Structures are given as C-alpha cells and as structure tokens.
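Supplied in structure tokens, the structure appears directly below.
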Amino acid sequence: MGLLARFGHQVVAAVGAADALVAAVADHGPDIVVTDVRMPPGFQDEGLRAAVRLRGERPALPVLVLSQYVQRAYVSDLLDSGDGTGVGYLLKDRVGQVEEFVDALAEVAAGGTVVDPEVVRQLLRRRRDPLERLSPREREVLALIAEGRSNAAIARELVVSEAAVGKHIGSILTKLDLPPATETHRRVLAVLAYLRG
C-alpha cells in the first residue's frame, strides 16, 4: 500500500479474502482492483474467481491480477470478461521492477490489457492453432503483439520493416473478422482471439 501511495495512488481498501474484496468494491467503487490469485479461505484461486465475478458485474472495472503461477482454469474467463480491455494478469516474479508494476497498473487503469509473456506462452502451448486462416508469419506477428511488443520491436525481432509489420497486422485484423474499432482496441481483440483459440 505504501508503494502505491508513493506513486500517487490512494488505496481505498485492503482486504484478505475474496468475499471481502467483492464487498469492498461494492462499498468503495474503486478505479482499479489489484488482487492476488490465491486468497482465503482455500488459498487456491479465490482471488481470480472474485476478479472474474467483479468483471461480470462491472465489465468496465479495471482489474489487475497477480500470481505466483499461471492459473489456467480462470485466466481465459478473466481475459474474456467485459470487452477485453482494462484487464491484466502478471506473474509476481516478473513484477520485481517497481516501475514495471506501476506502468502495468496505469495501463490497466486506462483501459489497456497487460498479460505477462509467460502467461501468453502457457496458454498458447495448451491450445491447438485456432487461427488457420493466418499465415505462419502472421501468427508470429500476432504472438509478438500478444507479448506487448510495439510495431518497431516486432520489426526488429523479425528483421523486417515497420511497414511490413503494419501490412501483416492489417491482414491479421481482416482475416479475424474483427469489428470496426480503434486500431489499439482491434489489436487487443486480435490477441484475445489468439489466446482463446
């Protein structure tokens, strides 16, 4: 809590159980919820299930979930909740850098989607390739988008021009038949389609 206050955030409630989390959100109407996957009473996935429930009740509520491991059972439900924006799932060992955590918090609070690259990898590993219309290069580009890479970073990784990356992204968005929206929102929808597939 002191860390958040140091970066200008006000903590309206700190709770130790999933039911208390749901009640605190009802009482305080926070701008964002940060929760651990494991909470009392069972220390299994209560916090993640509470986050999914909160997003079901309040689709626009930004939620950032922290975990020691990837809890596959409800990650997809969390990422599918609301319109897929304002949601984050980070592994605690990757949040060691305070600035990275604060940046992720701001991104989710602003409606962005932040998913730990390891979460992306594990979700993709257990799924068959659902995006058969995409070429191998387009799937590569989409996987890098899912890791949060910018067009410039993707271009560097694949040793192509940014214009080529832009063309691949345009093709991906068209092939996935995504509804008209802002470019950023369509990228998020493309990543969610990839993770769900």
Side-chain angles (χ1 to χ4, degrees), residues 1-123 145-150 181-182 184-185 187-189 191-192 195-196:
M1 288 193 298
L3 169 70
L4 294 174
R6 203 170 71 216
F7 283 89
H9 300 284
Q10 178 186 1
V11 177
V12 296
V15 299
D19 290 343
L21 174 62
V22 173
V25 168
D27 290 346
H28 299 284
D31 295 328
I32 187 169
V33 170
V34 179
T35 185
D36 196 312
V37 166
R38 293 181 175 189
M39 294 184 86
F43 291 97
Q44 297 297 315
D45 56 14
E46 293 85 355
L48 181 54
R49 285 188 287 128
V52 171
R53 176 179 164 192
L54 287 168
R55 292 275 294 181
E57 295 169 359
R58 302 167 189 242
L61 176 67
V63 174
L64 177 59
V65 175
L66 304 176
S67 181
Q68 288 293 117
Y69 62 98
V70 179
Q71 172 52 266
R72 293 180 183 175
Y74 291 95
V75 171
S76 294
D77 292 339
L78 179 69
L79 296 176
D80 284 341
S81 64
D83 62 359
T85 62
V87 65
Y89 191 105
L90 297 176
L91 297 180
K92 289 180 183 176
D93 62 351
R94 295 186 186 266
V95 185
Q97 298 296 328
V98 173
E99 293 80 15
E100 288 178 29
F101 170 69
V102 172
D103 288 348
L105 187 69
E107 178 76 20
V108 171
T113 301
V114 178
V115 182
D116 191 285
E118 182 58 28
V119 174
V120 172
R121 278 191 285 281
Q122 287 198 32
L123 288 174
I145 292 171
E147 291 183 12
R149 307 273 185 98
S150 67
T182 66
T184 301
H185 187 65
R187 282 172 74 115
V188 170
L189 292 176
V191 168
L192 291 176
L195 295 175
R196 277 186 223 119

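What you see is a predicted model; the values in this text were computed from it and never measured.
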What is the minimum heavy-atom distance between Ala13 and His28, and which atoms define it?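 In terms of heavy atoms, the two residues are closest at CB-CD2, 3.8 Å.
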Closest heavy-atom contact between Ala104 and Leu90?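 Here Ala104 and Leu90 meet closest at CB-CD1, 3.6 Å.
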Does Arg149 have any side chain to side chain donor-acceptor pair (under 3.5 Å) partners at least two apart in sequence or in another chain, and if so, which? Glu147, Glu157
Does some side-chain heavy atom of Val191 sit less than 4.5 Å from a side-chain heavy atom of Thr113? no
Minimum heavy-atom separation for Ile32 and Ala109, please, with both atom names.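 Minimum heavy-atom separation between Ile32 and Ala109: CD1-N, 3.8 Å.
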Which residue pairs pass the salt bridge (charged side-chain N to carboxylate O under 4.0 Å, His left out) test with at least one member in residues 28-42, sequence neighbours excluded? Asp36-Lys92
Determine the minimum heavy-atom distance between Glu118 and Asp116, stating which atoms define it.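 In terms of heavy atoms, the two residues are closest at N-OD1, 2.8 Å.
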Would you tabulate the side-chain donor-acceptor contacts of residues 46-66 under 3.5 Å, counting partners in other chains and residues two or more places apart, or write 'none'?
unit_1: Glu46; atom_1: OE1; unit_2: Phe43; atom_2: N; d: 3.3
unit_1: Glu46; atom_1: OE1; unit_2: Gln44; atom_2: N; d: 2.7
unit_1: Glu46; atom_1: OE2; unit_2: Gly42; atom_2: N; d: 3.0
unit_1: Glu46; atom_1: OE2; unit_2: Phe43; atom_2: N; d: 3.3
unit_1: Arg49; atom_1: NE; unit_2: Asp45; atom_2: OD1; d: 2.7
unit_1: Arg49; atom_1: NH2; unit_2: Asp45; atom_2: OD1; d: 3.3
unit_1: Arg53; atom_1: NE; unit_2: Glu57; atom_2: OE2; d: 3.1
unit_1: Arg55; atom_1: NE; unit_2: Ser81; atom_2: OG; d: 2.8
unit_1: Arg55; atom_1: NH1; unit_2: Pro59; atom_2: O; d: 3.3
unit_1: Arg55; atom_1: NH1; unit_2: Leu61; atom_2: O; d: 2.9
unit_1: Arg55; atom_1: NH1; unit_2: Thr85; atom_2: O; d: 3.0
unit_1: Arg55; atom_1: NH1; unit_2: Gly86; atom_2: O; d: 3.1
unit_1: Arg55; atom_1: NH2; unit_2: Ser81; atom_2: O; d: 2.9
unit_1: Arg55; atom_1: NH2; unit_2: Thr85; atom_2: O; d: 2.8

